[in-house]
Number of protein chains: 2
Amino acid sequence: MTSQYKASRFMALPERPTPAYRLSGMCLPAPLSVGELETFSAISRQISPLRKRQTLFAQGEALKSLYIVRCGSLKQVYRDITDEAHITQFYLPGEVVGLDAISTGFHPGTTQALETTSVCEILPEALEEFSRKEAAEKGGNGCFLRVMSRALHQERMMVRLLLNRTSDVRLASFLLALSTRFRQQGYSPFCFRLSMSRSDIGNYLGLAVETVSRLLGRFQDLGLLTAKGREIRVDDLDGLMALADGRARQSIWHAGIVPPSSCRLAGMPAH
Amino acid sequence: MTSQYKASRFMALPERPTPAYRLSGMCLPAPLSVGELETFSAISRQISPLRKRQTLFAQGEALKSLYIVRCGSLKQVYRDITDEAHITQFYLPGEVVGLDAISTGFHPGTTQALETTSVCEILPEALEEFSRKEAAEKGGNGCFLRVMSRALHQERMMVRLLLNRTSDVRLASFLLALSTRFRQQGYSPFCFRLSMSRSDIGNYLGLAVETVSRLLGRFQDLGLLTAKGREIRVDDLDGLMALADGRARQSIWHAGIVPPSSCRLAGMPAH
DNA sequence: CGCGCCGTTGAAAGTATTCAACAAGAGTGG
DNA sequence: CCACTCTTGTTGAATACTTTCAACGGCGCG
């Protein structure tokens with residue numbers, strides 16, 4: 001492990017690429033950076049908020065616009081020929097929705113609000129105009145391409161995360177990704193509310209609902225977090241990260257139930 | 001099955017999007033269409049062939065160019081902090097290599113030839129020039145964006161394929177994808193040679209080597225194919241598809257060993 | 001208030017991995 | 001060209017992990 005590079009936690013830095021990847025926290029797409037968000041905001045317009053369960057677009061619908069999530073969250077569901085539904089992505093604030101429809105011009109999956117959600121619409125005309133200008137100025141490596149490339153990279157990391165990893169690593173990674181996202185949005189990374197059901201999480205991570213439930217219970221026993229319905233409080237972030245990175249000593253089922261370290265609640269609001 | 005896109009069996013058609021997805025065969029990226037290939041050939045130049053095991057670029061290297069595979073095959077390996085290697089993609093002829101490096105400007109994984117392989121280089125200057133022209137003509141939905149979007153979509157399908165599916169479905173899908181690719185390249189879809197080891201396949205599909213080996217043996221017992229080392233002969237394409245689509249009657253381990261249907265070798269050269 | 005969905009828990013079953021041993025092939029050097 | 005060695009592939013047995021099935025409590029919504 002060559003050491004010439006310092007590992008940034010979740011993402012290679014442009015100036016100094018991470019030579020090896022940390023999988024934890026790769027469970028969700030990264031939001032746009034502040035600069036990108038500004039860029040896109042300039043060419044987007046807000047549309048009326050979606051209510052819970054309302055769809056932004058349905059599978060098979062023609063691509064009209066791309067969207068950026070402002071607040072709230074959505075899930076994207078691909079339905080296959082056996083009529084099974086697969087949740088392929090959760091979209092949180094700052095994320096671009098609809099990129100996977102560009103190739104065919106039709107949305108490959110239904111996208112649906114998990115709670116009251118507001119999104120901005122990027123009209124195709126505005127995007128074209130923007131691309132034209134951008135291309136003229138900077139050549140092919142536009143902002144938009146970078147966003148797509150990042151999505152591709154992250155989807156690849158997701159595959160690897162889900163593929164060889166055990167259920168506990170997957171769930172820990174997912175929770176960490178959420179925690180990171182909440183921090184980025186200025187919310188507490190320790191206390192948050194899941195907008196998706198256990199069943200959605202299980203579907204997304206390729207686990208049975210029962211497994212998700214059991215794991216949450218087990219995480220709680222281990223003092224990693226406190227879960228009450230959809231409210232999550234992270235009690236031991238380091239422990240959760242160790243688990244997600246595969247650095248955990250052993251299977252969580254064999255681990256004795258350790259009393260939580262005294263410092264774990266430091267600085268946290270009691271919920 | 002029109003068409004403009006040959007792989008319509010696995011891909012939504014622009015005129016009539018498939019409302020629901022068939023996962024089988026989604027194990028590999030689709031090659032460029034004939035039109036796209038022409039477009040990119042115009043701005044690319046051939047470089048000297050890579051020998052087996054030679055790398056095109058290493059993880060962490062700066063993105064210099066994109067590449068299109070002409071003949072042969074490569075594997076892309078991401079190495080994570082625990083020093084585990086994950087094969088994220090096999091690149092076959094017609095596929096664009098390096099898209100996932102655009103976001104950071106550095107290659108997230110090492111890409112290495114599995115056999116003697118020749119690739120074309122798309123120089124960044126040429127690509128920029130091309131993008132500029134394309135944007136000026138058609139706006140933002142350029143050829144290049146479509147290629148990226150397709151890659152994203154396929155990576156997503158890959159996740160779903162690998163996530164809930166059993167090992168037999170995964171391997172059958174992978175073999176079918178290969179078969180399809182060989183047909184598209186004008187080779188026999190029934191007889192081909194795997195350029196990757198069992199271990200590579202297992203890594204890519206998230207299975208232990210032993211499992212891959214056992215499954216190939218079992219497929220053979222079931223009369224689906226004949227495997228001799230890395231030479232594969234598909235004996236029952238429909239059966240393999242049924243398996244990949246999850247339409248198979250039951251677990252392959254419980255299925256009795258059926259004598260192969262009489263027509264299964266029709267039109268096939270004895271190898 | 002009742003119904004349906006969501007979440008939890010236990011027990012049984014299945015599926016894939018790990019470990020171990022061995023066979024076969026490819027590459028290397030004498 | 002052959003012997004040697006290391007990698008690749010195969011097979012069996014034991015183990016581990018996750019799912020499935022089943023039952024039940026709770027909550028929200030009509």
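Protein chains get the first letters and strands the later ones, always in sequence-line order, with residue 1 at the start of each.
A close approach under 4.0 Å does not occur between any side-chain nitrogen or oxygen of B/R198 and OP1 or OP2 of D/dT7. One finds no side-chain N or O of A/S197 lying less than 4.0 angstrom from the OP1 or OP2 phosphate oxygen of C/dC6. Between A/R214 and D/dT18 there is no side-chain N or O to OP1 or OP2 distance below 4.0 Å. Note on B/S167: a side-chain N or O is less than 4.0 Å away from OP1 or OP2 of C/dA16.
Contact of the B/L243 side chain with the B/D245 side chain is not registered, since no non-hydrogen atoms from C-beta on lie closer than 4.5 Å.
Of the two residues near DNA chain C, B/R165 and B/R53, the one whose nearest nucleotide lies more 5' is B/R165.
Look at NZ on A/K228: it is 14 Å from C1' on C/dG7, rounded to the nearest Å. Atoms CG (B/D200) and P (D/dG9) sit 8 Å apart, rounded to a whole Å. Rounded to whole Å, atom P of C/dA26 lies 9 Å from atom NZ of B/K52. Straight-line distance from the CD1 atom of A/I201 to the P atom of C/dC6: 13 Å, rounded to whole Å. Summarising the geometry, the separation between CD on B/E210 and P on C/dC19 is reported as 10 Å, rounded to the nearest angstrom.
Nucleic acid contact class of B/R230 (heavy atoms, under 4.0 Å, all strands): sugar-phosphate only. Among the protein residues, A/L216 comes within range of no part of the nucleic acid, since none of its heavy atoms lies under 4.0 Å from any strand. Contact annotation for B/R170: no contact, since no heavy-atom pair falls under 4.0 Å across all strands. B/G206 comes within contact range of the sugar-phosphate backbone alone, with a heavy-atom separation under 4.0 Å but no base atom that close.
Here C/dA16 is the nucleotide among D/dT18, C/dA16, D/dT11 with the atom lying nearest to any side-chain atom of B/T166.
Between A/Y204 and A/F90, the distance separating the two ring centers is shorter than 6.0 angstrom. Ring centroid separation for the pair B/Y78 and B/H107 does not come in under the 6.0 Å cut-off.
Side-chain contact check for B/S118 and B/R70: no donor-acceptor pair (N or O, by modelled atom type) lies under 3.5 Å. Side chain to side chain, A/H86 and A/D80 meet the donor-acceptor criterion of an N or O pair below 3.5 Å.
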